[in-house]
Amino acid sequence: MKLLKTLPLAAALCALLAPAAHAAQPGVNIGGAPTADKVQEAIDTGAKTVRIFALWRDLEPGAKGDYPPATAGLQALSGVYDTAIRQLNAAGAKPLFVVTEAPAWASGSADVNVAPNNPQDFADFLKKFAAHNKAVGNVAGYEIWNEPDENIFWHPSPDATKYTAMLKAAYTAIKSVDTAAPVIAGPMTGNDYTWLEQLYAAGAQGAFDVVAVHTDTACLDRGPDEFYRENNLLARFTFLGYRTVHDTMAAHGDGDKPIWMSELGWSSTNGGPTSCTRGQWTGQKPSGVTDANQAAYLTKAFGCLANDPYVTQALWFTLRDTTTETPDELNHYGLLRADGTPKPALSAFRSAVAAGGGSAAPCGDFDAPSIRVVKPTPGQQFVDKLDLSAAATDTGVGLARITFTYDAANDIRNFTDGLTNDAPVGLAPWQGSGKLGLGPHTVVVTALDKNGNTSTATIPVVKVATLAATLTPTFKVRTKKVKCKKRVCAVAGSLSRASAAAGVTPSIGGKVGVEWQFRNKKGQWRKLVGGLKPANKPFSFKAKLKLKGRWRVRFVYQGQAPWKKVASKYLTFTVK
């Protein structure tokens, strides 16, 4: 989240220990220097931890050794932090310090977001800062830099190796003077599990007590229960993506360490549908939400977090709206408006505090769709081609895709348009099944909902050389009376599976023939004209009949197992 650049310091509120069973302790961020009135506003919310930015370049500005301060000016600045610690402690609360922004003497740059050339310079300052704070009172912990995984706060670009060196030095320094103070890695922009993986690769394990994440990402307009996936993982910019962060920690043996969400929030801009002006969705989504939804999402967020006991702190960003930020979205994250009047979110926050973070509530649709396979049936044998038909049902966010594959995920077809619960889709027949070799095969149906929850059904089938004909199709002759024009006569019809369960039997393979027969002078019927058409769809035949007199016509299905050979009744007519 963007700092208030017009002020020398920025601040936030958080709590160290989870108060009730498994709930995340609500905290709040404050902006700018932690003056007595701002700290009191934070205390009045009921929060027990306040997140405060401690800017290294302000506290040790001219050279190494400026801290602890000897000059009156620096002593006054340092005293602001001391007063905040005492004021919070008196109210039963603690500050969480975010230590960031390097002085020019340490980085060799006027850019405060350039990291120090020597990580030990940063560590030496932190050692003195932590020792001083311990002598003053109790702190909730120390975050090492702010969002080092993005180039907003780490210039020229994120560097996991360099950050890890700084984190390790800082951890050793702080623990040498205050073993009880948690050292927090990050905080990360969104739930940046990829960055965390890079930190582990760089050797960061053992150099932190907590991992911190920030979910107040650009133009957030969805509730905490809405999510999407990346590579089948809960995505970085999904609120619930902290679960992927925890999975990453657990994979490295750190599953027992907590996660602190040191910034969560929604901007109450109530912007139009294309008002977003930053991030990848610029011009494609709203910049924020309504006051009412800001409050509703706050309540829902704590209900979500209570499902995951490893999230022990959750700090709202931020306490009060501002008027000076660009873009305007950044001005409206507060529990209070810029003039100090409360938003609905303040009442929601106080309720969360009173409930000790609240109870676990349903959060997100993680139930996969159910699948009903219509055909083929398990173990079905076939000679030529298979029909495919399946339906899915999702009572949550709705269906996104039904996919048919065969034999180790070979693609058949995806269905995405117009999917309706329990409405079958498929192919009748699946032409590719005619190319399969003899022997066993598998057809797999996969159903996905709009959250990426997936279910599968596997159907074994067997292709055989021969198969007994056991089913009898029925002809539907659509031509009730044969009509001829200039001796060109036409008939039409189709085959149906009326003699079997049409929903579970295979389509009718093979060919249908037509027989045009003429009655000669001896009263005998002689076949004079024929033809063949596919049997699996409606068919029609035309023939030019040169002889005048009595004629008759019928359809003959040639038969293809499991379907028996069958013929229709004759239609008799006269050619003039």
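What's counted below: heavy atoms across the whole structure, side chains too, no hydrogens, waters or symmetry copies.
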A.B. asks: Give the ring-plane orientation class for Tyr333 versus Phe317, where under 30° counts as parallel, over 60° as perpendicular and anything between as tilted.
C.D. replies: perpendicular

A.B. asks: Checking side-chain contact (heavy atoms from CB on, under 4.5 Å) for the pair Val139/Leu96: CA distance, chi angles, key distance, verdict?
C.D. replies: CA-CA 6 Å; Val139 300; Leu96 168 63; over 6 Å; no

A.B. asks: Is the shortest heavy-atom distance from the side chain of Pro148 to the side chain of Tyr163 under 4.5 Å?
C.D. replies: yes

A.B. asks: Could you tell me whether Asp339 atom CG has more than 12 heavy atoms of other residues or ligands within 6.0 Å of it?
C.D. replies: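 Result for CG/Asp339: enclosed.
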
A.B. asks: Mind checking whether Ile184 and Phe208 have side chains closer than 4.5 Å, heavy atoms only?
C.D. replies: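 No, their side chains stay 4.5 Å or more apart.
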
A.B. asks: Do Glu263 and Thr215 make a side-chain contact, defined as non-hydrogen atoms from C-beta onward lying under 4.5 Å apart?
C.D. replies: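 With C-beta onward as the side chain, the pair stays apart.
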
A.B. asks: Below 4.5 Å, heavy atoms only, C-beta onward: do Asp308 and His246 meet side chain to side chain?
C.D. replies: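 The answer is no; the side chains never approach within 4.5 Å.
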
A.B. asks: Does any part of the side chain of Thr244, heavy atoms only, come nearer than 4.5 Å to the side chain of Asn191, both counted from C-beta?
C.D. replies: no

A.B. asks: Let me see the working for Ser157 and Asn151 under side chain to side chain donor-acceptor pair (under 3.5 Å), right down to the final yes or no.
C.D. replies: CA-CA 5 Å; Ser157 60; Asn151 60 7; over 6 Å; no

A.B. asks: Got a second to check how far Asn421's CG is from Thr395's OG1, nearest 0.5 Å?
C.D. replies: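 Answer for the CG-OG1 pair, Asn421 versus Thr395, is 7.5 Å.
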
A.B. asks: Specify whether Trp266 and Tyr297 have parallel, tilted or perpendicular ring planes, treating 30° as the upper limit for parallel and 60° as the lower limit for perpendicular.
C.D. replies: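 Judged by the thresholds at 30° and 60°, the geometry between Trp266 and Tyr297 is tilted.
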
A.B. asks: Take Glu41 and Thr45 through the side-chain contact (heavy atoms from CB on, under 4.5 Å) test and state the conclusion after the steps.
C.D. replies: CA-CA 7 Å; Glu41 277 188 346; Thr45 69; over 6 Å; no

A.B. asks: Would you please name every residue forming a side-chain hydrogen bond (donor to acceptor under 3.5 Å, both in side chains) with Asn138, sequence neighbours left out?
C.D. replies: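 If we apply the side-chain hydrogen bond (donor to acceptor under 3.5 Å, both in side chains) test to Asn138, skipping adjacent residues, there are no hits.
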
A.B. asks: Does any N or O in the side chain of Asn307 come within less than 3.5 Å of the main-chain N or O of Ala361, such that one atom is a donor and the other an acceptor?
C.D. replies: yes

A.B. asks: Without swapping roles, check the side chain of Thr318 against the backbone of Asn29 for a donor-acceptor pair under 3.5 Å.
C.D. replies: yes

A.B. asks: Does Trp154 reach the side chain of Asp159, with side-chain heavy atoms less than 4.5 Å apart?
C.D. replies: yes

A.B. asks: Output the distance between atom CG (Asn270) and atom OG (Ser287), rounded to the nearest 0.5 Å.
C.D. replies: 8.5 Å

A.B. asks: Considering residues, nucleotides and ligands other than Arg222, do more than 12 of their heavy atoms fall under 6.0 Å from its CZ?
C.D. replies: no

A.B. asks: If every non-hydrogen atom of Ala140 is compared with every non-hydrogen atom of Trp260, which pair is closest and at what distance?
C.D. replies: O-CH2, 3.5 Å

A.B. asks: Atom CG of Leu74 and atom CG of Leu59: how far apart are they, to the nearest 0.5 Å?
C.D. replies: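 Leu74 atom CG to Leu59 atom CG measures 8.0 Å (nearest 0.5 Å).
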
A.B. asks: Over all heavy atoms of both residues, which pair between Ala130 and Val177 is shortest? Give the atoms and the distance, please.
C.D. replies: CB-CG2, 3.8 Å

A.B. asks: Kindly indicate, with the supporting measurements, whether the criterion side chain to side chain donor-acceptor pair (under 3.5 Å) is fulfilled by Asn331 and Thr323.
C.D. replies: CA-CA 6 Å; Asn331 289 315; Thr323 58; 5.9 Å; no

A.B. asks: Rounded at 0.5 Å granularity, tell me how far CD1 in Ile43 sits from NZ in Lys48.
C.D. replies: 8.0 Å

A.B. asks: Verify, without hydrogens or angle tests, whether Ser455 (side chain) and Ala368 (backbone) share a donor-acceptor contact under 3.5 angstrom.
C.D. replies: no

A.B. asks: For Arg236 and Tyr193, indicate whether the former's side chain and the latter's backbone hold a donor-acceptor pair under 3.5 Å.
C.D. replies: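 Flag not set: sc Arg236 to bb Tyr193 has no pair under 3.5 Å.
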
A.B. asks: Under 3.5 Å, side chain of Thr269 to main-chain N/O of Gly288, donor-acceptor pair present?
C.D. replies: yes

A.B. asks: Using the ring pair (Phe, Tyr, Trp, His ring centres under 6.0 Å) definition, which of the options Trp145, Phe53, Phe129 pairs with Phe97?
C.D. replies: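 So, applying the ring pair (Phe, Tyr, Trp, His ring centres under 6.0 Å) to Phe97 and each of Trp145, Phe53, Phe129, only Phe129 qualifies.
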
A.B. asks: List the atom of Gln294, the atom of His332, and the distance in Å for their closest heavy-atom pair.
C.D. replies: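 The answer is NE2-O, 3.5 Å.
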
A.B. asks: Hey, can you tell me if His252 and Tyr200 have their rings parallel, tilted or perpendicular (30° and 60° cut-offs)?
C.D. replies: parallel

A.B. asks: Between Thr189 and Trp195, is the side-chain contact (heavy atoms from CB on, under 4.5 Å) condition met? List the steps.
C.D. replies: CA-CA 10 Å; Thr189 311; Trp195 168 260; over 6 Å; no

A.B. asks: Nearest 0.5 Å, please: how far is CG in Leu196 from OG1 in Thr248?
C.D. replies: 5.5 Å

A.B. asks: Do Tyr81 side-chain atoms and Pro34 backbone N/O form a donor-acceptor pair below 3.5 Å?
C.D. replies: no

A.B. asks: Which residue pairs pass the disulfide bond (SG atoms under 2.5 Å apart) test with at least one member in residues 234-271, sequence neighbours excluded?
C.D. replies: none

A.B. asks: Any side-chain heavy atom of Arg372 sitting closer than 4.5 Å to one from Pro424?
C.D. replies: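 Yes, at least one pair of side-chain atoms sits under 4.5 Å.
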
A.B. asks: Which residue pairs pass the disulfide bond (SG atoms under 2.5 Å apart) test when at least one of the two sits in residues 293-329, sequence neighbours left out?
C.D. replies: Cys304-Cys363

A.B. asks: Closest heavy-atom contact between Lys285 and Leu220?
C.D. replies: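 Looks like NZ-CA, 4.4 Å.
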
A.B. asks: Any donor-acceptor pair under 3.5 Å linking the side chain of Thr393 with the backbone of Ser370?
C.D. replies: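 Checking the backbone N and O of Ser370 against the side chain of Thr393, no donor-acceptor pair under 3.5 Å is found.
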
A.B. asks: Please determine whether side chain to side chain donor-acceptor pair (under 3.5 Å) holds for the pair Thr403 and Asn414, giving the CA-CA distance in whole Å, both sets of side-chain angles, and the decisive distance to 0.1 Å.
C.D. replies: CA-CA 4 Å; Thr403 299; Asn414 291 323; 2.6 Å; yes

A.B. asks: Any chance you could lay out the side-chain contact (heavy atoms from CB on, under 4.5 Å) test for Arg229 and Asn453, step after step, and finish with the verdict?
C.D. replies: CA-CA 9 Å; Arg229 287 183 165 91; Asn453 299 311; 3.1 Å; yes

A.B. asks: With the side chain counted from C-beta on, respond yes when Ser78 and His132 share a heavy-atom pair under 4.5 Å apart, and no when they do not.
C.D. replies: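 Yes - at least one pair of side-chain heavy atoms lies under 4.5 Å apart.
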
A.B. asks: Tell me whether Arg337 is salt-bridged to Asp321, with the criterion being a basic N under 4.0 Å from an acidic carboxylate O.
C.D. replies: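 Salt bridge flag = no for Asp321 with Arg337.
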
A.B. asks: Could you walk me through whether Tyr142 and Asn133 satisfy the side chain to side chain donor-acceptor pair (under 3.5 Å) test, starting with their C-alpha distance in whole Å, then the side-chain angles of each, then the deciding distance to 0.1 Å, before giving a yes or no?
C.D. replies: CA-CA 11 Å; Tyr142 297 91; Asn133 292 338; 3.1 Å; yes

A.B. asks: For Pro258 versus Asp209, what's the shortest heavy-atom pair and its separation?
C.D. replies: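 Taking every non-hydrogen atom into account, CD-O, 3.4 Å.
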
A.B. asks: Once you measure the plane-to-plane angle for Phe125 and Trp56, does it fall in the parallel (<30°), tilted (30-60°) or perpendicular (>60°) bin?
C.D. replies: parallel

A.B. asks: Salt bridge check: are Glu325 and Arg278 linked by an N-O gap of less than 4.0 Å?
C.D. replies: no

A.B. asks: Might you point out which heavy atoms bring Pro286 and Asp221 nearest each other, and give the distance in Å?
C.D. replies: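 Reported closest heavy-atom pair: CD-OD2, 3.3 Å.
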
A.B. asks: Salt-bridged, Arg320 to Asp37, with N to O below 4.0 Å?
C.D. replies: no

